Amino acid sequence: MHLQLDARPEELPRLAEAVEELAERDDWSPKLLFQVNLVIEELALNVMTHGRAGGARHLDVVLRSASDTITVELADDGPRFDPLEEAPEFDPELPIDERRVGGVGVHLVRTLVDDASYRYEDGKNRLTLVLPRESGD
């Protein structure tokens, strides 16, 4: 699946619908669909809010479903930003009133993916994530 979106939150339902269609076609478990949607929505929404404020206008989402993994690739034309290194650090051990604002979404994404990488290429932020496709869930 390859979807080109405007970097606007109003595009999220169209993105979720495309993910659900792929999940149905490839017989994903409900748990896997939830996890993939959560990862994509969290990162796409970051681009659509923070990236858009910096000039991002487009977001490309590529989703590949294989027998043992799901690969998500996100590319946007916003300012260079590596969420894997630059997002605020989230410490779930701290009491709520001592936690820094931000970083929860990236922390959550890291707990759900097997592999994550970032590169800046051709004027675009490019984030690649690999989630395990476990059977029997």
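This one's a predicted model, so the numbers in the text were calculated from it and none came from an experiment.
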* Write down the atom of T111, the atom of L108, and the distance for their closest heavy-atom approach. => OG1-O, 2.6 Å
* For the residue pair M1 and R64, establish whether any side-chain heavy-atom pair is separated by less than 4.5 Å. => no
* Asked: Can L5 be reached from V62 by stepping across I, L, V, M, F, W or Y side chains whose heavy atoms are under 4.5 Å apart?
  -> no
* To do: State the CG-CG distance between D114 and L131, to the nearest 0.5 angstrom.
  => 7.5 Å
* What's the verdict on side-chain contact (heavy atoms from CB on, under 4.5 Å) for L3 and E11, showing C-alpha distance, side-chain angles and the deciding distance? -> CA-CA 11 Å; L3 196 57; E11 292 276 55; over 6 Å; no
* Asked: Are L22 and V130 in one and the same hydrophobic cluster, where Ile, Leu, Val, Met, Phe, Trp and Tyr link if side-chain heavy atoms are under 4.5 Å apart?
  -> no
* **Heavy-atom closest contact (M48 atom, D6 atom, distance)** => CE-O, 4.0 Å
* **Qualifying residues under side-chain hydrogen bond (donor to acceptor under 3.5 Å, both in side chains), relative to D77, sequence neighbours excluded** => H58
Distance-only criterion, 3.5 Å: show the donor-acceptor pairs between side-chain atoms of residues 121-129 and protein atoms not counting sequence neighbours.
{"from": "N125", "atom 1": "OD1", "to": "F81", "atom 2": "N", "distance (Å)": "2.8"}
{"from": "N125", "atom 1": "OD1", "to": "Y118", "atom 2": "OH", "distance (Å)": "2.5"}
{"from": "N125", "atom 1": "ND2", "to": "D76", "atom 2": "OD1", "distance (Å)": "3.0"}
{"from": "N125", "atom 1": "ND2", "to": "G78", "atom 2": "O", "distance (Å)": "3.4"}
{"from": "N125", "atom 1": "ND2", "to": "P79", "atom 2": "O", "distance (Å)": "2.9"}
{"from": "R126", "atom 1": "NE", "to": "E121", "atom 2": "O", "distance (Å)": "3.3"}

* Closest approach of R14 to Q4 (non-hydrogen atoms, all atoms of both residues) -> NH2-O, 2.9 Å
* Roughly how far, to the nearest 0.5 Å, is the CZ atom of R8 from the CZ atom of R57? -> 11.0 Å
* Under 3.5 Å, is there a donor-acceptor pair between the side chain of E41 and the main chain of N37? -> no
* Taking every non-hydrogen atom, the tightest pair across I70 and V36 -> CG2-CG2, 4.1 Å
* Greater than 12 external heavy atoms within 6.0 Å of Y120's OH -> yes
* Is the number of heavy atoms from other residues, nucleotides or ligands within 6.0 Å of CD (E24) greater than 12? -> no
* Spacing of CG belonging to D27 relative to CG belonging to L32, to within rounding of 0.5 Å -> 10.5 Å
* Asked: Is L15 linked to L33 within one hydrophobic cluster, defined over Ile, Leu, Val, Met, Phe, Trp and Tyr using a side-chain heavy-atom separation of less than 4.5 Å?
  -> yes
* **Nearest atoms (heavy-atom pairs only) where P132 meets L112** => CD-O, 3.8 Å
* **Partner of V109 by side-chain contact (heavy atoms from CB on, under 4.5 Å), out of L43, V72, N46** => L43
